[in-house]
Every structure is written in structure tokens, then in C-alpha cells.
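Accompanying notes for the structure given below.
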Amino acid sequence: MKARIVEAQADLFEIGVLSQTAEVESVPMDRLLADPSGPPLVVVGGLLDVERLVDMRKLSSALARSRVAVIVVPPFTDLVLGRYFETPVQLGARRRAADSAARMTDGALEEVLGGEVKVRSDHFFDTVLGAGVLAVDAQNKPVLLRYQATNTAGPVFFSALQLLTYTALTDEAHRQSLLGHLLSWTPSITAEAREIARRPSSPPKAEAVGEGVLVPVVLLLAAGGPQTAELLRSRAGALLGVDLSANDVGRAIEELTRQGLAASGASAPSDRGALVRFLEGRGMHAYLRELRALLASEETTT
């Protein structure tokens with residue numbers, strides 16, 4: 001079993017623990033960006049800080065295109081994890097008292113590991129939408145998530161469970177079994193996909209609307225119907241953890257109108273079926289379903 005790490009983390013204690021389970025290769029960041037294909041990348045949360053935000057977003061995008069699995073583990077420097085991996089919804093870690101029980105909510109994991117594992121955690125994940133939850137703690141809070149932007153992208157496993165720490169609150173057999181299961185995620189990568197991942201990204205055109213802007217707007221329009229631009233901005237921040245400017249929303253609506261997915265204004269009726277197909281093509285139907293329920297609940301309480 002093999003794993004890669006970013007060279008800057010090679011001397012960490014956690015990497016020594018990882019080496020007890022996997023053959024570890026330390027790779028410079030620039031080499032990972034140039035050729036991201038290979039075994040899963042394990043990221044100790046200390047690598048996630050604002051000084052590395054741009055590089056980490058570039059790296060996560062390159063790894064996703066190569067269908068490479070990423071495993072993010074504690075300790076965390078920055079608790080706002082989603083911004084490093086361009087998740088379409090708010091994703092953060094929240095501290096709490098130490099716990100050791102984790103219940104599997106994913107059928108495949110439960111089949112391999114049983115219904116529960118004993119692995120210490122000092123955090124749980126705070127996110128509005130819960131698609132991709134693999135395990136929860138005793139309070140039913142997510143402690144292991146799998147985020148996958150589309151069915152052709154590599155997944156990111158976010159673990160609040162301390163998979164690279166020895167502690168009395170952890171059963172070593174459980175810890176190693178869970179870590180080994182995540183490291184064993186090995187998709188087949190075609191030569192064509194590998195070549196595409198190696199190509200440098202072309203600078204986006206000034207008028208291009210990125211998925212990071214387009215997807216939140218589509219989610220909100222598909223889930224909540226016609227809305228004012230200001231309401232879209234407010235809900236994007238409150239429900240999805242995405243900070244959109246008025247210009248962002250305007251450009252997104254223009255692009256959706258150009259594609260025939262929306263009317264000329266955010267508050268005008270859109271082709272909801274087309275919006276849903278847009279999201280389904282990106283593997284985001286579960287997010288849409290949960291956001292729709294959340295908005296419906298919001299309306300009944302106001």
C-alpha cells in the first residue's frame with residue numbers, strides 16, 4: 001500500500017505513524033502540480049493555512065482531474081476546510097471534547113469495518129449539507145466525509161478521526177483498518193486522463209464564469225425557484241458558505257441565460273428541469289435535495 005505526502009510535511013510525527021501502514025513518498029508541491037497522478041495524497045491539516053490557499057486550491061483541482069484520492073486528517077490549522085478544496089457548500093471543523101466512538105453510516109465501510117470503530121476525535125464537521133457522510137460520532141455529528149465534485153473526479157476524504165495519532169482512546173486495529181481502507185481507493189486512470197491532468201491550465205478569460213460561482217447560483221435557483229440577486233447572495237453566504245459579489249451573481253445569470261438555463265433575471269422563472277440536469281451531470285443531486293428541504297423548512301418557520 002502506497003501513499004504520498006507534500007514534502008513540507010515529511011518531518012511530522014503523523015507521517016511517521018502513516019509509514020507504519022503505508023509506503024510513503026514525499027513529493028515537492030511543484031512536482032505534484034506538474035504531475036498529480038499516483039497513489040493517494042495524505043494531507044495533515046497543518047498544511048491548510050491562508051498562506052498556502054492558492055497553491056492548495058490549484059493542487060486539489062489538479063488531483064481531482066487525475067482522479068487521485070486525498071485524505072485530510074487532523075490536526076487542523078485552519079478550521080474552514082472547504083475553501084481549500086472548492087466545495088460548493090460550507091465545510092468546517094468544530095472543536096469539542098474528546099470522543100472515541102464513530103458509527104459507520106456508509107454501507108461499504110460498515111461491511112468492511114463493522115458498525116462502529118473506536119478512533120479518537122476532538123472535532124466534528126460543521127456543514128449545512130450532509131451528502132457524503134461516512135461516519136458520525138455519539139452525538140450524530142459527521143466525523144468522516146467523502147466529497148466528490150463529480151463522478152469523474154477524485155474524492156477528498158475529510159477525517160476528524162485521528163487516523164495518524166496513537167492514543168488510549170483509539171483501538172489500533174480499528175485505526176489501521178480504517179486508514180488502510182481509505183488508502184486502498186485506487187481508481188483506474190487512463191493515459192488520456194493522465195495527460196490532460198499534466199497539461200497546464202489555460203488562464204481563464206476575463207469574462208469566463210467559474211464553476212465556483214455558477215454552481216452555487218444554480219443550486220439556489222433549482223432549490224428555491226426565482227429569487228432576487230440580493231437574496232441569492234445572502235443565501236449563498238448563509239447556506240453554502242460562498243461569498244458572491246453582485247457582479248458574480250449578474251455574470252452567473254448572464255451565463256445561465258446564454259446556455260438557456262435561466263431567464264434574463266434571477267427573479268424570473270428558470271428552466272428548473274435544465275438546472276437539475278446541470279447539477280446531476282456534476283454528481284450534485286444529493287446537495288440539491290438537501291438544500292431544497294432546508295429552504296422549505298426555512299419558509300415554514302418564517
Exercise for review: Please examine the side chains of Leu163 and Leu182, heavy atoms only from C-beta on, and report whether any two atoms are closer than 4.5 Å.
Suggested key: yes
Review point. Just wondering, do Asp99 and Leu169 contact through their side chains at under 4.5 Å, heavy atoms?
Key: no
Review point. Is the side chain of Thr127 donor-acceptor paired with the backbone N or O of Gln90 at a distance under 3.5 Å, no angle test?
Key: yes
Review point. Is Arg258 salt-bridged to Glu255, cutoff N-O under 4.0 Å?
Key: yes
Practice item. Could you go through the side chain to side chain contact (heavy atoms under 4.5 Å, CB included) check for Phe85 and Val70 one step at a time? Key: CA-CA 10 Å; Phe85 296 90; Val70 182; 4.1 Å; yes
Check your understanding: Are the side chain of Thr165 and the backbone of Gln162 linked by a donor-acceptor contact shorter than 3.5 Å?
Key -> no
Check your understanding: Below 4.5 Å, heavy atoms only, C-beta onward: do Leu256 and Leu221 meet side chain to side chain?
Key -> yes
Exercise for review: Could you verify whether a donor N or O on one side chain and an acceptor N or O on the other, from Ser61 and Arg57, lie under 3.5 Å apart?
Suggested key: no
**Study point:** Contact summary for Leu220 and Ala236, nearest pair of heavy atoms
**Key:** CD1-N, 3.7 Å
Practice item. Answer yes if Leu231 and Leu214 sit in the same cluster of Ile, Leu, Val, Met, Phe, Trp and Tyr residues linked by side chain heavy atoms under 4.5 Å apart, and no otherwise. Key: no
Check your understanding: So do Val17 and Tyr166 actually touch side chain to side chain, heavy atoms under 4.5 Å?
Key -> yes
Point to revise | Test item: Ser60 side-chain N/O and Tyr84 main-chain N/O as donor-acceptor pair under 3.5 Å | key: yes
Review point. Which distance, rounded to the nearest 0.5 Å, do you find between the CG of Asp55 and the CG of Leu33?
Key: 6.5 Å
Point to revise | Qualifying salt bridge (charged side-chain N to carboxylate O under 4.0 Å, His left out) pairs, either residue in residues 109-120, two or more places apart | key: Arg120-Asp122
**Study point:** Sequence neighbours excluded - side chain to side chain donor-acceptor pair (under 3.5 Å) pairs with any residue from residues 43-53
**Key:** Asp49-Arg52
Check your understanding: Quick one: does Val143's side chain get under 4.5 Å of Ser159's, heavy atoms only?
Key -> no
Study note, to complete from the structure: For His123 and Ala160, the nearest pair of non-hydrogen atoms, with its separation, is O-CB, 3.4 Å
Review point. Could you give the distance from CG (Leu134) to CG (Leu161), rounded to the nearest 0.5 Å?
Key: 10.0 Å
Review point. Are Leu48 and Val80 co-members of a hydrophobic cluster defined by side-chain heavy atoms under 4.5 Å apart?
Key: no
Review point. About how many Å separate OG of Ser37 and CZ of Arg65, when rounded to the nearest 0.5 Å?
Key: 11.5 Å
Practice item. Could you tell me the separation between the CD atom of Gln176 and the CG atom of Leu183, rounded to the nearest 0.5 Å? Key: 11.0 Å
Review point. When you measure from the side chain of Glu7 to the backbone N and O of Met29, does any donor-acceptor pair fall under 3.5 Å?
Key: no
Point to revise | Main-chain N/O of Leu244 paired to Arg233 side chain as donor or acceptor, under 3.5 Å | key: yes
Point to revise | Counterpart residues, side-chain hydrogen bond (donor to acceptor under 3.5 Å, both in side chains), relative to Ser121 (two or more places apart) | key: Arg96
Practice item. Compare every heavy atom of Leu81 with every heavy atom of Ala93, then report the nearest pair and how far apart it is. Key: CB-CD1, 4.3 Å
Check your understanding: How far apart are the C-alpha atoms of His181 and Leu109, what are their side-chain angles, what is the distance that settles it, and do they pass the side chain to side chain contact (heavy atoms under 4.5 Å, CB included) test?
Key -> CA-CA 8 Å; His181 184 80; Leu109 275 177; 3.0 Å; yes
Review point. Are the aromatic ring centres of Phe157 and Tyr147 under 6.0 angstrom apart?
Key: no
Check your understanding: Just wondering, do Val72 and Val42 contact through their side chains at under 4.5 Å, heavy atoms?
Key -> no
Check your understanding: Could you give the distance from NZ (Lys141) to CZ (Phe125), rounded to the nearest 0.5 Å?
Key -> 13.5 Å
Review point. Quick one: side chain to side chain contact (heavy atoms under 4.5 Å, CB included) partners of Arg4, sequence neighbours excluded?
Key: Glu25, Val27, Leu32, Pro39, Leu41, Leu63, Val68
Point to revise | Interatomic distance, Ile15 atom CD1 to Ile5 atom CD1 [nearest 0.5 angstrom] | key: 4.0 Å
Exercise for review: Evaluate the side-chain proximity of Arg235 to Leu295: yes if any heavy-atom separation is below 4.5 Å, no if none is.
Suggested key: yes
Check your understanding: Looking at Val44 and Pro74, what are the two nearest heavy atoms and their distance?
Key -> CG1-O, 4.0 Å
**Study point:** pair His174-Leu178: side-chain heavy atoms closer than 4.5 Å
**Key:** no
Practice item. Start with the C-alpha distance between Met104 and Val112, add both sets of side-chain angles, then the distance that settles side chain to side chain contact (heavy atoms under 4.5 Å, CB included), and finish with yes or no. Key: CA-CA 10 Å; Met104 298 295 106; Val112 173; over 6 Å; no
Check your understanding: Which pairs with one or both residues in residues 69-83 pass salt bridge (charged side-chain N to carboxylate O under 4.0 Å, His left out), sequence neighbours excluded?
Key -> Asp78-Arg83
Practice item. Taking all heavy atoms of Leu261 and all of Ala274, pick out the closest pair and write down the distance. Key: CD2-CB, 3.3 Å
Review point. Quick one: salt bridge (charged side-chain N to carboxylate O under 4.0 Å, His left out) pairs with a partner in residues 162-177, sequence neighbours left out?
Key: Glu172-Arg175
Revision key, fill the gap. Here the pair of heavy atoms bringing Lys2 nearest to Ala22 is C-CB, 4.3 Å
Check your understanding: Going through the checks in order, is the side chain to side chain contact (heavy atoms under 4.5 Å, CB included) test met by Leu219 and Leu288?
Key -> CA-CA 6 Å; Leu219 271 170; Leu288 172 60; 4.2 Å; yes
